Enquirer: 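Let me give you the structure first, and then I'll get to my questions.
Here the structure is a predicted model, which means the values were calculated and not measured.
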Amino acid sequence: QVQLVESGGGVVQAGGSLRLSCATSGRIFSVMGWFRQAPGKEREFVAAIRWSGYDTKYADSVKGRFTISRDNVKNTVSLQTNSLKPEDTAVYYCAAGSPWDAVPSPNEWGYWGQGTQVTVSS
């Protein structure tokens with residue numbers, strides 16, 4: 001049984017940082033990623049990473065501020081979020097199993113975690 005479990009969310013002031021982690025069990029995935037969903041908005045792509053760890057993709061809104069990484073031994077994927085803004089406030093979801101060319105589309109991901117709340121205060 002595949003499980004994705006996120007951790008690391010919380011409340012932080014604007015300009016602060018959080019490190020989100022996702023522990024995966026039951027299967028090893030070539031492509032892992034992060035999405036987020038703010039109240040009243042659609043789920044949006046944040047970042048994705050391939051098995052090698054060298055191939056990454058980011059949403060324009062987080063480029064230069066967020067960094068995705070993975071540990072294939074521990075089967076975890078992390079999202080380092082820096083210079084946080086109030087508009088980054090959302091539930092952040094770990095995802096697995098998308099084709100690399102389709103990573104921005106939520107419909108292409110087969111597995112999801114339960115999400116972790118990130119709240120950035122101004």
Side-chain angles (χ1 to χ4, degrees):
Q1 181 179 0
V2 174
Q3 284 191 315
L4 282 66
V5 180
E6 301 97 335
S7 61
V11 179
V12 64
Q13 288 189 333
S17 300
L18 285 172
R19 186 173 181 85
L20 309 183
S21 294
C22 173
T24 307
S25 60
R27 182 176 163 180
I28 296 173
F29 293 94
S30 176
V31 179
M32 300 288 296
W34 289 91
F35 282 73
R36 66 186 181 186
Q37 188 165 19
K41 294 189 176 181
E42 294 185 351
R43 191 167 296 190
E44 67 170 353
F45 170 74
V46 175
I49 188 168
R50 269 180 162 171
W51 171 264
S52 69
Y54 295 110
D55 293 327
T56 57
K57 290 184 181 180
Y58 295 93
D60 289 342
S61 59
V62 306
K63 278 181 183 176
R65 300 189 298 123
F66 291 11
T67 303
I68 189 170
S69 61
R70 66 188 295 168
D71 184 330
N72 292 332
V73 174
K74 296 181 179 178
N75 208 9
T76 59
V77 61
S78 298
L79 186 70
Q80 177 66 42
T81 66
N82 298 328
S83 302
L84 284 162
K85 306 174 182 180
E87 51 263 44
D88 293 318
T89 295
V91 177
Y92 283 70
Y93 295 91
C94 178
S98 170
W100 183 245
D101 291 343
V103 295
S105 173
N107 294 334
E108 296 293 333
W109 295 80
Y111 301 90
W112 295 89
Q114 293 299 307
T116 185
Q117 177 70 47
V118 171
T119 302
V120 184
S121 61
S122 56

Enquirer: Drop me the distance from Ile49's CD1 to Tyr58's OH, to the nearest 0.5 angstrom.
Expert: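 It is 6.5 Å, given to the nearest 0.5 Å.
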Enquirer: Around atom CD of Gln117, are there more than 12 heavy atoms of other residues, nucleotides or ligands at under 6.0 Å?
Expert: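 For Gln117, atom CD is crowded (more than 12 foreign heavy atoms under 6.0 Å).
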Enquirer: Will you find, in the side chains of Ser17 and Asn82, an N or O donor that is under 3.5 Å from an N or O acceptor?
Expert: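 Distance-only check passes for Ser17 and Asn82.
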Enquirer: Taking all atoms of both residues into account, what is the closest heavy-atom pair of Ala38 and Ala90, and its distance?
Expert: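 Nearest heavy atoms, Ala38 then Ala90: N-CB, 3.8 Å.
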Enquirer: Distance under 6.0 Å and angle within 45° of the ring axis: does Arg43 meet both against Trp112?
Expert: yes
Enquirer: Within this structure, what is the CD1-OG1 distance for the pair Ile68 and Thr56, rounded to the nearest 0.5 Å?
Expert: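 Result: 8.0 Å between the selected atoms.
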Enquirer: Going by an N to O cut-off under 4.0 Å, is there a salt bridge joining Lys63 and Asp60?
Expert: yes
Enquirer: Can the ring centres of Phe29 and Tyr111 be said to be less than 6.0 Å apart?
Expert: yes
Enquirer: Which heavy atom in Ala47 sits nearest to a heavy atom in Leu79, and how many Å separate them?
Expert: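 Of all heavy-atom pairs spanning Ala47 and Leu79, the closest is CB-CD1, 4.2 Å.
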Enquirer: For Val11, what are the other residues in its hydrophobic cluster, where any two members join if their side-chain heavy atoms are less than 4.5 angstrom apart?
Expert: none
Enquirer: If you measure from OG on Ser7 to CZ on Arg19, what distance do you get to the nearest 0.5 Å?
Expert: 10.5 Å
Enquirer: If the condition is side-chain contact (heavy atoms from CB on, under 4.5 Å), which residues does Ser30 pass it with, not counting sequence neighbours?
Expert: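 Ser30 satisfies side-chain contact (heavy atoms from CB on, under 4.5 Å) with Trp51 once adjacent residues are dropped.
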Enquirer: Would you give the length of the straight line joining atom CG of Asn72 to atom CE of Met32, rounded to the nearest 0.5 angstrom?
Expert: 9.5 Å
Enquirer: Side chain to side chain contact (heavy atoms under 4.5 Å, CB included), that's the test. Do Thr76 and Thr24 meet it? Break it down for me.
Expert: CA-CA 6 Å; Thr76 59; Thr24 307; over 6 Å; no
Enquirer: Which residue in the set Glu44, Glu87, Glu6 passes salt bridge (Lys or Arg N to Asp or Glu O under 4.0 Å) when paired with Arg36?
Expert: Glu44
Enquirer: Does Cys94 reach the side chain of Leu4, with side-chain heavy atoms less than 4.5 Å apart?
Expert: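 A side-chain contact under 4.5 Å exists here.
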Enquirer: Can Val62 and Phe45 be said to form a side chain to side chain contact (heavy atoms under 4.5 Å, CB included), step by step?
Expert: CA-CA 10 Å; Val62 306; Phe45 170 74; over 6 Å; no
Enquirer: Measure the CD-CD distance between Gln3 and Gln114 for me, rounded to the nearest 0.5 Å.
Expert: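 Reported value, rounded in 0.5 Å steps: 9.5 Å.
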Enquirer: Supply the atom-to-atom distance Lys57 NZ to Asp55 CG, rounded to the nearest 0.5 angstrom.
Expert: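 Answer rounded to 0.5 Å: 9.0 Å.
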Enquirer: Tell me, do Asp101 and Pro99 make a side-chain contact under 4.5 Å, heavy atoms counted?
Expert: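 No. Closest side-chain heavy atoms not under 4.5 Å.
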Enquirer: For the residue pair Thr89 and Val118, establish whether any side-chain heavy-atom pair is separated by less than 4.5 Å.
Expert: no
Enquirer: Would you say that Val103 contacts Trp109 through its side chain, given a criterion of any heavy-atom pair below 4.5 Å between the two side chains?
Expert: yes
Enquirer: Does Asp88 reach the main-chain N or O of Lys85 with its side chain, forming a donor-acceptor pair under 3.5 Å?
Expert: yes
Enquirer: Give the minimum heavy-atom separation between Val91 and Gly115, together with the two atoms involved.
Expert: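 Result for this residue pair: CG1-CA, 3.8 Å.
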Enquirer: Looking only at atom types and distance, does a side-chain atom of Thr81 sit under 3.5 Å from a main-chain N or O of Leu18, one as donor and one as acceptor?
Expert: yes
Enquirer: Using side-chain heavy atoms (C-beta onward) and a distance below 4.5 Å, is Trp34 in contact with Cys22?
Expert: yes
Enquirer: Would you say the ring centers of Tyr93 and Phe35 fall short of 6.0 Å from each other?
Expert: no
